[in-house]
Amino acid sequence: MLQLNNINKRFRLKDAKQSNTLCATDPRVSGRFFYALKDINIHCTAGQVVALLGANGAGKTTLLRVLSTALQADSGDICIDGQAVAKDLVYYRKSIGFLSGSTGLYARLTGFENLRYFGELYGLKAQALDTRINELVEQLQMTDFIHRRFDDYSTGMKQKVAIARAVLHQPKWVILDEPTTGLDIKAREVILSFIEGLKIQGVGVIFSTHDLSEVERLCEQVFVIDQGQVQFAGELQQLIQQGAGNLYQSVLSYMEQSA
Amino acid sequence: MISVIYKKEMLELIRDKKTLVFMILLPLLIFPALFGALAVFASHSIKQEQTRTLTYVVTGATEQNPVISKLAEQTDFKLYQGDMPNDIASLIRHGKIDFWLDISQEYTGEMAGNQQSQWQLYYNNASGVNSAKYRVERIVADINTQLTETKLIALGLDAENISGVLTPIKLINKDIAEEKESLGSKLGGLVAYILLPLCLLGAIYPAVDIAAGEKERGTLESLLITPSTRLDLVMGKFLTVFTASFISAFSALFSLAFWSFVFAQGFAIDIIAKIVGTLGLFDLTLALMMMLPLVMSVSALVLCISIYAKNFKEAQNFMAPLSFLIFVPLIAAMMPGIELNWQWAFVPVSNVALAIKEILKGQGDTILLFTVWSSQLVAAVALIAFATFWFKRESVLFRT
């Protein structure tokens with residue numbers, strides 16, 4: 001179980017001018033701060049695929065970055081299997097894999113070297129690491145290009161290596177920020193199938209997306225976020241029912257409520 | 001974990017052509033070649049200026065005036081044979097003559113009455129290397145000596161006593177400084193002046209690439225969420241910048257020795273041959289060792305600056321003023337009369353430059369040199385600690 005309890009995150013604005021400009025358009029601005037996340041409570045069941053939905057700027061990426069520990073929450077806590085993350089940060093980091101909006105990989109290294117580097121950072125032993133890389137290369141169909149330099153890759157190739165990097169150390173939870181954005185149909189299919197594979201293996205997946213067909217295909221649980229707050233938390237079926245069978249209408253209604 | 005990060009950073013650096021240029025090629029080839037070429041060019045220009053034939057005009061002198069015969073005797077002086085305009089100085093301005101000597105009309109009378117005769121010498125020294133003044137002064141000095149001797153003999157003085165009358169006291173200089181000390185003093189400041197900026201240059205590009213560059217490319221975040229600690233990250237990156245900076249310094253020193261040898265042997269330039277013969281490899285190695293903690297401090301500092309920057313461009317802008325932090329204390333250390341003492345031992349950068357000077361002079365006080373080395377090391381450790389603290393701050397890592 002992965003739990004986020006009363007998570008709050010604010011960012012200091014650059015200056016009073018920025019504060020005044022934003023204040024007029026965004027209710028999340030107060031004084032010199034931008035309140036990106038407000039009292040976020042999310043409980044994810046192990047082995048489930050969870051979707052984070054919301055408009056651009058709603059707070060999805062900030063939430064995922066807090067979950068990944070790249071950002072630290074101002075208050076509230078994250079618990080994994082009932083244990084607070086702050087108590088054993090290394091254990092938590094080994095338990096999660098994160099794919100940010102950018103691929104987060106090094107252009108002057110080959111795909112293989114990138115994976116090896118991150119595997120070593122996660123403490124994997126050389127032989128086990130090579131076996132695991134070869135396994136992922138096969139699963140994500142990367143054999144043809146894995147030994148080429150990363151800056152020669154297409155968007156789809158880059159995303160495949162990035163996903164492989166996120167799951168390299170066999171985490172319990174995988175956090176993906178819009179993993180299929182900008183991909184062609186074939187690459188997208190490989191990645192969606194891979195997420196389905198993770199689900200079968202009992203790995204929990206939390207991902208943000210704007211594509212509702214992906215949600216319908218993969219998810220059990222959905223969270224709709226708007227203006228830094230959770231507007232809906234529950235089962236996918238429940239959300240579909242609220243929109244009288246139309247997921248699109250239902251999600252849109254949660255976004256409009258707070259508009 | 002540090003070694004994993006370090007190995008990867010070095011691999012990336014080596015694969016970047018720009019880094020290789022700043023880290024190795026520039027110190028190895030361009031700077032020494034530039035300095036060598038400048039040295040050869042400057043030495044050639046000065047030599048050429050001192051031996052070239054000067055064309056001149058003399059006015060107001062009679063045939064008996066000794067300067068006429070003296071100038072005519074010189075093989076590298078030539079009397080101007082062209083038309084003489086009213087404005088003789090215009091001949092200098094148009095480059096037709098090099099100097100014009102205007103002799104006092106009253107010269108004969110002045111000499112007879114034991115009065116001073118004042119002559120005007122016109123020349124153009126806009127280039128800063130015109131040798132006309134120096135070469136004419138030498139000739140006039142000879143005439144002065146001859147005239148004085150003739151006058152004194154005429155007054156009844158014995159020829160043997162003339163020097164005692166003309167110069168009652170002659171100071172004979174005996175510089176007891178050994179050649180090494182003298183050369184070390186002159187070159188010490190210069191070596192530091194070349195090496196330290198190269199270290200900075202060698203550190204800046206890798207630091208910008210592996211800190212601000214990582215931010216810009218979005219790779220920093222993937223690194224921050226790994227189980228490695230911030231100290232591991234900082235140390236891995238710091239060691240990379242330090243290595244790059246040290247390789248720059250080492251390349252510069254190597255090329256300094258190499259090019260000096262080439263210039264000394266190939267071009268038979270006396271001064272370079274003298275330098276090579278006087279400064280040993282041991283001195284240069286000691287100088288390099290003295291720089292180690294300073295290179296560490298510079299590496300940690302540029303890393304702190306780079307990680308604060310939002311992107312590559314901002315990091316480069318932040319780095320520009322850093323040169324002043326290096327150059328100002330370096331210039332201070334090059335000032336004449338500034339020597340390494342207990343006050344200077346604690347002035348960053350200056351202390352290392354002065355210590356290098358002492359080492360190359362072969363006169364370093366061991367305690368003072370160790371103080372400089374250890375004070376720089378303390379500064380380096382403090383800066384690394386600050387870099388680690390800096391890498392933990394969200395407001396720094398995700399500055400917008």
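Proteins get letters first, then strands, A, B, ... in listed order; numbering begins at 1 in each.
- We find that B:R15 and A:E113 are joined by a salt bridge, their nearest charged nitrogen and carboxylate oxygen being less than 4.0 Å apart.
- In this structure, chain B has a heavy atom under 4.5 Å from the backbone of A:A107, while its side chain stays farther away.
- Contact annotation for A:F118: only side-chain heavy atoms (C-beta onward) come within less than 4.5 Å of a heavy atom of chain B.
- The two atoms that bring B:G218 and A:S102 nearest to each other are O-OG, 3.4 Å, heavy atoms only.
- Around the CE atom of B:M289, the shell of radius 6.0 Å holds no more than 12 heavy atoms that belong to other residues, nucleotides or ligands.
- Between chain B and the residues A:T103, A:I96, A:L71, the most heavy-atom pairs under 4.5 angstrom are made by A:L71.
- Closest heavy-atom contact between B:S222 and A:G104: OG-O, 2.8 Å.
- Both the backbone and the side chain of B:L223 come within less than 4.5 Å of a heavy atom of chain A.
- Looking at A:R149, the atoms closer than 4.5 Å to chain B (heavy atoms on both sides) all sit in the side chain, from C-beta outward.
- Residue contact with chain A, scored on non-hydrogen atoms closer than 4.5 Å, is absent for B:D232.
- Most heavy-atom pairs under 4.5 Å with chain A, from the set B:M1, B:E221, B:K7: that is B:E221.
- If you run side-chain contact (heavy atoms from CB on, under 4.5 Å) between A:R108 and each of B:D209, B:I14, B:L11, only B:D209 comes through.
- For the set B:D16, B:T229, B:L397, the entry with the most heavy-atom pairs within less than 4.5 Å of chain A is B:D16.
- Within the 4.5 angstrom heavy-atom criterion, atoms from both the backbone and the side chain of A:L121 approach chain B.
- Only the side chain of A:S100 comes within contact range of chain B, with heavy atoms under 4.5 Å apart.
- Within a 6.0 Å sphere centred on CZ of A:F112, other residues, nucleotides and ligands contribute more than 12 heavy atoms.
- Taking B:T226, B:L224, B:L220 one by one and counting their heavy-atom pairs under 4.5 Å with chain A, the maximum is reached by B:T226.
- Between B:R217 and A:D151, none of the side-chain N atoms (NZ, or NE/NH1/NH2) sits under 4.0 Å from a carboxylate O, so this pair counts as no salt bridge.
- Considering OH of A:Y122 and OG of B:S228, their distance stands at 8.5 Å, rounded to 0.5 Å.
- Of the atoms belonging to B:E394, it is side-chain heavy atoms, and not backbone ones, that fall under 4.5 Å from chain A.
- Here the shortest heavy-atom pairing between B:I225 and A:S68 reads CG2-O, 3.0 Å.
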